[in-house]
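Down below is the structure, laid out as structure tokens.
Just so it is clear: chains get the letters A, B, ... in the order the sequence lines come, proteins before strands, and each one is counted from 1.
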Amino acid sequence: MPHDAPTGLADDVLAWFARSARDLPWRRPGAGPWGVLVSEVMLQQTPVARVLPAYEGWMRRWPSPAELAADPPGEAVRMWGRLGYPRRALRLHACAAALVERHDGQVPDDVPALLALPGVGGYTAHAVAAFAFGRRVPVVDTNVRRVIARAVTGHADAGPASTTRDLRAAEALLPGDAATAARMSAALMELGALVCTARQPRCAACPIMDRCAWYRAGRPAGTARRRTQPYAGTDRQVRGILLAAVRDAEDGVTTTELEGLWHKGVQRNRALHSLEDDGLLVRKGDQFHLP
DNA sequence: GACGCGTGGAA
DNA sequence: TTTCCAAGCGT
């Protein structure tokens with residue numbers, strides 16, 4: 001190709017990715033499908049910086065699904081630490097068990113089989129299929145939705161998620177070659193994470209600034225943010241406090257000790273029951289411990 | 001489609 | 001200080 005030949009959006013994004021991509025452990029060749037799957041679950045709603053050390057520790061302890069499945073689920077919850085949304089740890093453990101039972105301890109390479117696994121939804125199934133196996137499937141996360149909203153649609157922010165529409169829009173950006181398509185998905189996510197960010201997009205550093213519908217329109221403001229849901233004082237916070245106490249204890253924690261951590265009895269009990277319902281806590285006598 | 005579900009860093 | 005938000009999933 002002549003050096004001055006016109007390039008497409010995909011070429012520009014891929015070229016930018018080639019020089020700007022972060023060196024993340026789950027992107028290295030040796031990560032393997034299990035590593036990719038573990039990273040994707042950890043990255044669900046949790047920033048990369050916080051996932052990095054957790055991922056390393058997890059993979060060192062459980063290099064394969066079979067090794068994780070052989071340990072009690074509570075060990076997964078403990079290892080999860082403060083990543084947040086600890087039900088993900090439980091689901092990842094259940095996922096490992098399902099891999100052993102249904103897939104000979106291997107991560108399947110097709111979307112329907114991935115979707116059937118605990119903790120694996122549309123995003124993660126497509127991400128594993130694309131990044132671990134080079135499948136040509138669109139990978140749509142919040143970054144990709146934002147990049148498409150701006151560059152293609154010309155809006156400041158992505159609207160509500162719409163699976164069918166989002167997948168179709170992302171698919172339209174993918175090159176025909178499967179391996180290149182997978183790289184394109186990673187590149188779009190990286191662009192959203194590093195340049196086309198939610199709060200202060202760095203348009204001057206964007207490889208497709210001159211093609212971006214939103215930029216060309218003068219970066220019109222988006223609609224007002226929805227009210228953020230409160231956290232302090234919610235059951236969610238109480239669950240976090242109570243589970244952290246059990247997680248960080250050697251053995252169990254007595255109900256008396258838990259009373260000291262959250263004084264409102266009705267709410268404390270509601271949180272404890274919901275943690276039991278989720279399988280994150282087990283009650284034995286007057287003690288709570290991990291499953 | 002709306003909601004519940006953690007945590008902590010940055011602006 | 002408060003608010004925003006970070007590679008979603010399951011119900």
Assign [X] to base, sugar-phosphate, or nothing according to its heavy-atom contacts below 4.0 angstrom with the strands shown.
X      : answer
A:G122 : sugar-phosphate
A:R22  : base
A:T142 : sugar-phosphate
A:V51  : nothing
A:R239 : sugar-phosphate
A:L24  : base
A:W26  : base
A:R50  : base
A:G84  : base
A:A244 : nothing
A:R82  : sugar-phosphate
A:P86  : sugar-phosphate
A:L83  : base

ask   = Does atom CZ of A:R219 have more than 12 heavy-atom neighbours from other groups under 6.0 Å away?
value =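 Buried by this count: over 12 neighbours within 6.0 Å.
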
For A:R61, look at atom CZ and say whether over 12 heavy atoms of other residues, nucleotides or ligands are found less than 6.0 Å away.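 Atom CZ in A:R61 is crowded, with more than 12 foreign heavy atoms closer than 6.0 Å.
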
Gap between atoms [atom1] and [atom2], on [X] and [N] respectively (whole Å):
X      : N      : atom1 : atom2 : result
A:R87  : C:dT11 : CZ    : P     : 9 Å
A:D157 : C:dA6  : CG    : P     : 10 Å
A:L114 : C:dG8  : CG    : P     : 17 Å
A:D141 : C:dA7  : CG    : P     : 6 Å
A:R146 : C:dC5  : CZ    : C1'   : 10 Å
A:Y55  : C:dA6  : OH    : P     : 23 Å

Original post:
Donor-acceptor pair under 3.5 Å: do we get one between A:T46's side chain and the base of B:dG6?
Top reply: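 Result: at least one qualifying N/O pair found.
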
Is any side-chain heavy atom of A:L280 closer than 4.5 Å to one of A:S274?
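No. Closest side-chain heavy atoms not under 4.5 Å.
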
**OP:** Indicate yes or no: at least one non-hydrogen side-chain atom of A:L281 is less than 4.5 angstrom from one of A:L272.
**Re:**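 Counting from C-beta outward, A:L281 and A:L272 do come under 4.5 Å.
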
- For A:A161 and for A:L275, locate the closest nucleotide of DNA chain B by heavy-atom distance; then report the residue assigned to the nucleotide nearer the 5' terminus.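 Nearest nucleotide further toward 5': that of A:A161.
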
Just N and O in the side chain of [X]: are any of them under 4.0 Å from OP1 or OP2 of [N]?
X      : N     : value
A:Y85  : B:dT7 : no
A:S274 : B:dC5 : no
A:Q45  : C:dG8 : yes

What integer number of Å spans the [atom1] atoms of [N] and [M]?
N      : M     : atom1 : result
C:dG10 : B:dG1 : C1'   : 14 Å
C:dA7  : B:dG4 : P     : 23 Å
B:dG6  : C:dC4 : C1'   : 15 Å

Atom pair OH/CG of A:Y123 and A:L43 - distance to nearest 0.5 Å: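 It comes to 6.5 Å.
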
Cluster overlap A:W26 with A:V144, hydrophobic side-chain contacts below 4.5 Å: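 As far as the 4.5 Å side-chain criterion goes, A:V144 and A:W26 are connected within one cluster.
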
- Residue A:R91, side-chain atoms from C-beta onward, closest of B:dG9, B:dC5, C:dG10: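 Closest of the options to the side chain of A:R91: C:dG10.
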
- [ ] Consider the side chain of A:T124, meaning its heavy atoms from C-beta on, and name the nucleotide among C:dC5, C:dG8, B:dT7 that approaches it most closely.
- [x]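 Of all the options, the side chain of A:T124 is nearest to C:dG8.
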
key: Given DNA chain C, 5'-ward residue of the pair A:V120 and A:L43, judged by closest heavy atom   =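 Closer to the 5' end of DNA chain C: A:L43.
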
### Query
Closest nucleotide of DNA chain C for A:P47 versus for A:A125: which of these residues is on the 5' side?
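The residue whose closest nucleotide sits nearer the 5' end is A:P47.
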
### Query
Centroid-to-centroid, A:W58 to A:W80, below 6.0 Å?
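Under 6.0 Å, so yes.
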
